[in-house]
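What follows is a short report on a single structure.
Chain identifiers are assigned alphabetically (A, B, ...) following the order of the sequence lines, protein sequences preceding nucleic acid strands; residue numbering begins at 1 within each chain.
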Amino acid sequence: MKQGGSFLDDLNDVQRKAVQCTEGPVMIVAGAGSGKTRVLTYRIAYLMKKGVDSFNILALTFTNKAAKEMKERVRRIVGGNEAKNLWMGTFHSVFSRILRAEHIKLGYPQNFTIYDTDDSRSLIKEILREQQLDEKIYKPNMVLSRISHAKNNLMSASSYNNNPQILEDDTLSGKPKLGLVYRIYQKRLFKSAAMDFDDLLYNTNVLLRDHSDILVKYQHRFKYILVDEYQDTNFSQYVIVKQLAAAFRNICVVGDDAQSIYAFRGANIQNILNFEKDYPEISTFKLEQNYRSTNTIVNAANSVIKNNTEQLPKTVWTKNPAGEKIKVMKAVSDNEEGHLVAKGIFDLKMNTGAFNKDFAVLYRTNAQSRAMEEALRKHSISYKIYGGLSFYHRKEIKDILAYFRLVINANDEESLKRVINYPTRGIGETSLHKLILAATDHDVSTWTVMENISDFNLDISTVTKNRIGDFVTMIKSHSNKLMKLNAYDLGHEIATASGLLKELYNDKTPEGVSRFENVQELLNGLKEFSEGADPAISLPDEEKKENAKKLRTLEEYMADIALLTDADEDDEDDLDRVSLMTIHASKGLEFPNVFLVGLEENLFPSQYALTSRPELEEERRLFYVAVTRAEYRLNLSFAETRYRWGSLVQCEVSRFIAELDQDCLDYGVKRKKKDKLNEEESDYPVKREKTFRASSSNSGTKYATTKPGRSTDKKNLLKMSMVQLTPPKTFDNSHLKDLQIGMTVEHERFGKGEVIAMDGKYPNSKATVNFVLNGQKSLLIKFARLKIVS
DNA sequence: GTGTAATGCTATTGG
DNA sequence: AGCATTACAC
């Protein structure tokens, strides 16, 4: 560790001021790549060096992995063991811990289950069936998001049902029973001793609102609060933070309004825009210098985001060299796009010595990953998909976890439904529904009915009743061992005794073998956990400190399994892989080379986001996030046709490409100003003269150190200068070279119109056309396929 | 109650 | 195209 605060020398002026301003409310507006994580880390380290007890610091991050990494970085600066006591994690993991600690106040058991979205959806469907509501009108996902929004705005089921405006809206939209469904849903969750994701935040609010002793306790516990990615917090999270910070007002939020991309799940950009109103004495710091990307990428990003209206004023700039232009690739189909990307990665690896891990392929929707995967496989390029079907979402894993959940909390109805007849033990759907119905009628959990089945007058055969009894006995016998066996021993016992392991073992199909292996992998994880490995989410826990060698139980293991995503997982064997992920999942990450694919209207921007300005602006921020992930090279691509919903769809290039500063782009068309080459297109890679100017002005950043290849020796410069992707086949637009103001043109979709302005030089020129039917449009003539009429 | 075949629906984005 | 739900035969 460095001496006497000299670690602050790693920071620029603004960063250092932001770190040292420890008292009172602070807002740090951090542009993309401006060293935000560094500031947060150093700020925490600085607090600790100043003598603040690490127990009094709470840092809320966007992923558990980010928390883990930040903790590790703090530890490296301050040394010793103190960093272990920092409270760092996502809102959900931190407050689920607090809810377990304070469960009595809410009337929940300590071992409540956390329902994931699948559980919630399944419960909603069950309720819809019971209420005989048509799933086509009450679409489960829609119902779910409606309830979710209500909770995130701290609206309870009763206030929902007492709000005339909402009732009127629901009635007008033909769904007057939504409030009823919400009410029943909450009741069923409670009966199952379960909370969904939103409840974790909602109930934290209830806890802090209704129990002033608890509020005061945590206000004094967390004297210093830091919130990362503040632009993506919702109202419920906002109120929690506001409550906790009310006593000491040492609240530091870090965010970038330009990177707010979670409005769809309730994130409220106003939280950051209004922060100044909540805390008039606020100190604001703007981190505007970008250390991550080339000047070209920074300029391109700026040129896009300025199309948004609602923004905090700031200017992101960089001292980094211009670097290469952003390549734009056009593909005939989604498969060809995959091929171009794979080929592009292959070439860059050859030419710059980059590794697989230096590449990311980013897309708007998970469905796009397939074409990319296939192409990468064909090129033997190793990759890893983030998001999509994560480990914990696989059927076999969910099955075994359902057994664990049931053993821990037998009232957990979703788990019960999942495993009561898997492996099959002769308790079929009819019997199950009789049980559930009886439970609802008597206002108890389904498990209670099963436990006391003879007390209920049920029309179920004696054979089946005995089977139910056997099942109850089996689960109970495991529950009795929760505190006696460690997580692995009990977990293994459950997997065996339930017959699940055998069931999977007997399936010798390749898929079956893989399922069996997955369960084994989970059990291995249990073993490591039982033997003392850090859990995936590690938060300080006073209880644990008292008896350090306490048994590591299954209950502990399961406490926040539902909160894990595969972004939180560390990779094991093969670390050198291309990363494939959605843009959302890429937030906060950076890669030397980024391929951003699927730049097509109705895909990106999404077809669902074209109805309103705020939605389109969110898409644009998403594009901004994608562009700013790249350090050195950015490739944009789009396909002319794409398979969607099983059929071939024609695509049009995304408006976002036209919004970019065209000087930053390279359309792959040979264009040499001085020594003119022939004009015709070529399908072969072409040597280009320059690109990477090594600049010396920028030092002290990792820019100089992580450059692909070794250093800037001549060989490498030459190699870099050779980087060139196969130029995409372009629409023959040579006849548009002489397009002039006043001409009449025809467009496939927009019809006829008159050219009223021309911008830029051919072939990157932009024409503004006033279409007779569709009004004024600005078109890149390269893509617009305009025909000159007169 | 169980297993298989046909049907129909869907897929932003995610903790 | 893939998956979940439903229909129907055992």
Ion pair A:E617/A:R613, N-O distance below 4.0 Å | yes
A:F591/A:F359 aromatic ring centres below 6.0 Å | no
Taking the nucleotide of DNA chain B with the closest heavy atom to each, which residue, A:N141 or A:G426, is nearer the 5' end?
-> A:G426
Tell me what A:T430 touches on the nucleic acid: a base, only sugar-phosphate, or nothing, going by heavy atoms under 4.0 Å.
-> sugar-phosphate
Are A:K398 and A:D116 within salt-bridge range, i.e. N to O under 4.0 Å?
-> yes
Rounded to the nearest angstrom, tell me the gap between atom CD1 in A:I427 and atom P in B:dT2.
-> 9 Å
Gap between atoms OH and C1', on A:Y422 and B:dG1 respectively (whole Å) = 17 Å
Could you please name the option among B:dT13, B:dG15, B:dA11 that lies closest to any side-chain atom of A:Y608?
-> B:dA11
No-hydrogen, no-angle side-chain donor-acceptor test under 3.5 Å, A:T233 and A:N271 = yes
A:D118 CG to B:dG14 P: how many Å, rounded?
-> 14 Å
Under-3.5 Å donor-acceptor pair between A:N421 side chain and B:dG1 base = no
Contact class for A:S431 (heavy atom, under 4.0 Å): base, sugar-phosphate, or nothing?
-> sugar-phosphate
Between B:dT12 (C1') and A:F264 (CZ): distance, integer Å = 8 Å
Options B:dT2, B:dG15, B:dC9, nucleotide nearest the side-chain atoms of A:K136 | B:dC9
Distance, rounded to the nearest Å, where A:R364 contributes CZ and B:dA11 contributes P | 15 Å
Choose from B:dG1, B:dG3, B:dT10 the nucleotide whose nearest atom is closest to any side-chain atom of A:T424.
-> B:dG3
For atom CD of A:E618 and atom P of B:dG14, their distance in whole Å = 12 Å
Base, sugar-phosphate, or nothing: which does A:K125 touch, judged by heavy atoms less than 4.0 Å apart?
-> sugar-phosphate
Side chain of A:R370 only, please: which of C:dG2, B:dT12, B:dT10 is the nearest?
-> C:dG2
Atom CG of A:N366 to atom C1' of B:dT10: distance rounded to whole Å?
-> 15 Å
Taking the six-membered ring for Trp and the single ring otherwise, decide whether the centroids of A:Y608 and A:F264 are under 6.0 Å apart.
-> no
Side-chain contact check for A:R265: nearest option of B:dT10, B:dG1, B:dG15 is B:dG15
Whole angstrom value for the distance that separates P of B:dT12 from CG of A:L144 = 14 Å
Considering only atom C1', compute the distance from C:dT5 to B:dT12 and round it to an integer number of Å.
-> 23 Å
Answer yes or no as to whether B:dT13 has its base stacked against A:Y262, where stacking requires a ring-centre separation under 5.5 angstrom and planes under 30 degrees apart.
-> no
